[in-house]
Protein chains: 2
Amino acid sequence: MRKEAEIFEEYLKTKKLNLTKERKAILNQVFATNGHLEADEIFLRLKKDKKDVSRATVYRTLGLLVDSGLVRKVYLGEDHIHYEHTHGHTHHDHLVCIKCGKVIEFSDKKIEKLQALVCQESGFKELSHTVQIFGYCKDCKE
Amino acid sequence: MRKEAEIFEEYLKTKKLNLTKERKAILNQVFATNGHLEADEIFLRLKKDKKDVSRATVYRTLGLLVDSGLVRKVYLGEDHIHYEHTHGHTHHDHLVCIKCGKVIEFSDKKIEKLQALVCQESGFKELSHTVQIFGYCKDCKE
DNA sequence: CCCTTTTTGAGATTTAGTCTCAATCTAAAC
DNA sequence: GTTTAGATTGAGACTAAATCTCAAAAAGGG
């Protein structure tokens with residue numbers, strides 16, 4: 001499996017863009033985290049690591065990462081978007097506990113297949129999808 | 001089937017709140033629209049109808065409607081939330097065309113069943129869910 | 001009518017995200 | 001190594017969604 005940085009660089013080349021040290025730092029930060037994180041978290045972690053990058057660049061780079069297919073946006077019921085990398089592991093979706101905030105990942109091939117079927121029936125070309133199930137987790141449902 | 005206003009009023013009573021004319025106007029506006037709409041649209045439509053209600057009240061009431069289960073939030077890939085009523089028709093989810101912005105509703109009982117199964121396996125008590133499939137619609141996929 | 005609680009609106013505030021623009025960097029061309 | 005055009009960045013202004021504050025108004029129960 002190729003490294004993310006390589007894939008990203010390749011993608012950037014097709015747009016005549018370069019893999020700068022800022023973009024690399026953001027990429028590393030996203031791939032260093034398992035699961036979802038928000039734009040501002042990336043900004044703050046980079047600041048802590050003394051790899052300062054402006055907020056504007058964080059958002060701009062996240063946009064590029066999403067376009068490249070390495071990262072996706074996920075909506076977890078909050079008023080801002082989360083990001084998570086998609087490369088190097090199978091697709092998953094989320095159970096979100098509305099009490100404790102815990103996010104549980106799940107993946108189900110059968111659901112994916114049925115979704116593909118729905119798209120086919122509508123003549124729709126799927127690029128991505130997200131499923132969120134909101135409710136109470138095991139510990140909170142008493 | 002009971003009317004929405006009745007259900008809402010009942011819900012409000014359990015919280016010792018009243019169904020005021022402002023809340024009723026917002027409820028009517030939401031149920032007058034098929035499909036999704038955004039908070040500001042409700043605010044503007046009410047203004048046009050000379051049933052002025054402040055933005056604060058629109059947001060507050062939408063929160064109550066969501067809590068009551070009559071309305072749900074949907075994320076359609078934009079930077080703000082959409083709302084749609086859930087009462088009086090079967091559950092559906094969305095195909096979102098990332099080119100023309102069209103939103104196609106679909107519903108699939110088999111997918112729902114599998115989702116319920118996933119929840120059961122995790123000991124998760126589902127309250128709601130949303131599925132979004134992003135891609136190109138029939139007319140945009142060429 | 002009185003009192004308490006609920007409700008509202010106007011506008012301030014917060015927060016996520018985008019935009020602007022001048023300064024800097026890069027890479028290729030000479 | 002210079003030049004030059006285009007890419008890139010950061011700081012902070014800006015925008016837009018959503019929330020909060022607080023005083024005034026309305027409602028409900030005695």
Side-chain angles (χ1 to χ4, degrees), chain A residues 5 8-30 36-47 49-68 71-84, chain B residues 5 8-30 36-47 49-68 71-84:
Chain A
F8 192 35
E9 189 162 22
E10 212 165 279
Y11 166 79
L12 290 169
K13 276 218 184 93
T14 69
K15 301 214 140 195
K16 299 206 188 308
L17 302 176
N18 311 308
L19 182 53
T20 62
K21 69 176 194 306
E22 288 85 358
R23 287 178 181 151
K24 202 176 254 173
I26 293 163
L27 174 102
N28 287 338
Q29 197 52 249
V30 174
H36 51 281
L37 75 180
E38 41 201 88
D40 214 53
E41 255 175 280
I42 298 171
F43 172 75
L44 293 172
R45 288 187 192 179
L46 287 171
K47 179 166 257 172
D49 289 3
K50 303 282 179 221
K51 305 211 168 182
D52 270 42
V53 166
S54 72
R55 255 179 248 272
T57 299
V58 169
Y59 280 105
R60 280 187 288 231
T61 302
L62 282 170
L64 291 168
L65 284 166
V66 170
D67 290 345
S68 78
V71 167
R72 68 169 180 151
K73 295 181 177 187
V74 277
Y75 169 67
L76 297 175
E78 292 186 46
D79 56 357
H80 59 274
I81 290 298
H82 286 81
Y83 295 85
E84 65 182 18
Chain B
F8 191 34
E9 189 163 22
E10 212 164 282
Y11 166 79
L12 290 170
K13 276 218 185 93
T14 69
K15 303 213 141 196
K16 298 206 187 307
L17 301 177
N18 312 308
L19 182 53
T20 61
K21 69 178 197 303
E22 287 86 357
R23 287 178 181 152
K24 200 176 256 177
I26 293 163
L27 174 102
N28 287 338
Q29 197 51 250
V30 174
H36 51 282
L37 76 179
E38 42 201 87
D40 214 53
E41 255 175 280
I42 298 171
F43 172 76
L44 293 173
R45 287 186 195 180
L46 287 171
K47 179 165 258 174
D49 289 4
K50 304 282 178 221
K51 307 211 168 183
D52 270 41
V53 165
S54 73
R55 273 202 178 79
T57 299
V58 170
Y59 280 104
R60 281 188 288 232
T61 302
L62 282 170
L64 291 169
L65 283 166
V66 170
D67 289 346
S68 78
V71 167
R72 67 170 181 150
K73 295 181 176 188
V74 278
Y75 169 66
L76 297 175
E78 291 186 47
D79 56 357
H80 59 274
I81 290 298
H82 286 80
Y83 296 85
E84 65 183 18

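So that the names make sense, note that chain A is the first sequence line, chain B the second, and so on, each numbered from 1.
- Ring geometry for B/His36 against B/His82 counts as perpendicular: the plane angle is over 60°, on a 0 to 90° scale with 30° as the lower cut.
- A/Ser54 has no side-chain polar atom (N or O) that falls below the 4.0 Å cut-off from OP1 or OP2 of D/dA11.
- Applying the side chain to side chain contact (heavy atoms under 4.5 Å, CB included) criterion to B/Asp49, with sequence neighbours excluded, gives B/Gln29, B/Lys51.
- Summary of the strand contacts: B/Val58 and A/Asp40 both lie near DNA chain C, and taking for each the nucleotide with the nearest heavy atom, the more 5' one is attributed to B/Val58.
- Rounded to whole Å, the distance from CG on B/Asp79 to P on D/dA16 is 10 Å.
- Within 3.5 Å, no donor on the side chain of A/Arg60 pairs with an acceptor on the base of C/dG17, nor the reverse.
- Side-chain N/O atoms of A/Arg55 include none lying less than 4.0 angstrom from OP1 or OP2 on D/dG10.
- The side chain of A/His80 has C/dG17 as its nearest neighbour among D/dA18, C/dG17, C/dG9.
- When the C1' atom of D/dA11 is taken as reference, atom CZ of A/Phe43 falls 11 Å away, rounded to whole Å.
- Of all nucleotides listed (C/dT8, C/dG11, D/dG10), C/dG11 comes nearest to the side chain of B/Ala56.
- Rounded to the nearest 0.5 angstrom, B/Tyr83 OH and B/Lys73 NZ are separated by 5.0 Å.
- Between the P atom of C/dT8 and the NZ atom of B/Lys51 lies a distance of 15 Å, rounded to the nearest Å.
- Out of C/dT8, D/dT8, C/dT7, the shortest distance to the side chain of B/Asn18 is found at C/dT7.
- B/Asp52 comes within 4.0 angstrom of sugar-phosphate atoms only, judged by non-hydrogen atoms across all strands, and of no base.
- Nearest to the side chain of B/Ala39, among D/dT9, D/dA18, C/dT7, sits D/dA18.
- Summarising the geometry, the separation between CG on A/Leu19 and C1' on D/dT9 is reported as 15 Å, rounded to the nearest angstrom.
- Taking 4.0 angstrom as the limit, A/Tyr59 places a side-chain polar atom (N or O) nearer than this to OP1 or OP2 of C/dG17.
- As a whole-Å value, the separation of A/Lys15 NZ from C/dA27 P is 20 Å.
- One can place CG of A/Leu17 at 19 Å from P of C/dC25, the figure rounded to the nearest angstrom.
- An OP1 or OP2 oxygen of C/dT7 is reached within less than 4.0 angstrom by no side-chain nitrogen or oxygen of B/Thr57.
- Per the geometry, CG belonging to A/Leu12 stands 13 Å off P belonging to C/dA27, to the nearest Å.
- Rounded to whole Å, the distance from CG on A/Leu65 to P on C/dG17 is 15 Å.
- A pairwise comparison of heavy atoms in B/Val53 and B/Ile26 identifies CG1-CD1, 3.8 Å as the closest pair.
- Distance CG/A/Leu12 to CG/A/Leu64: 6.0 Å, rounded to 0.5 Å.
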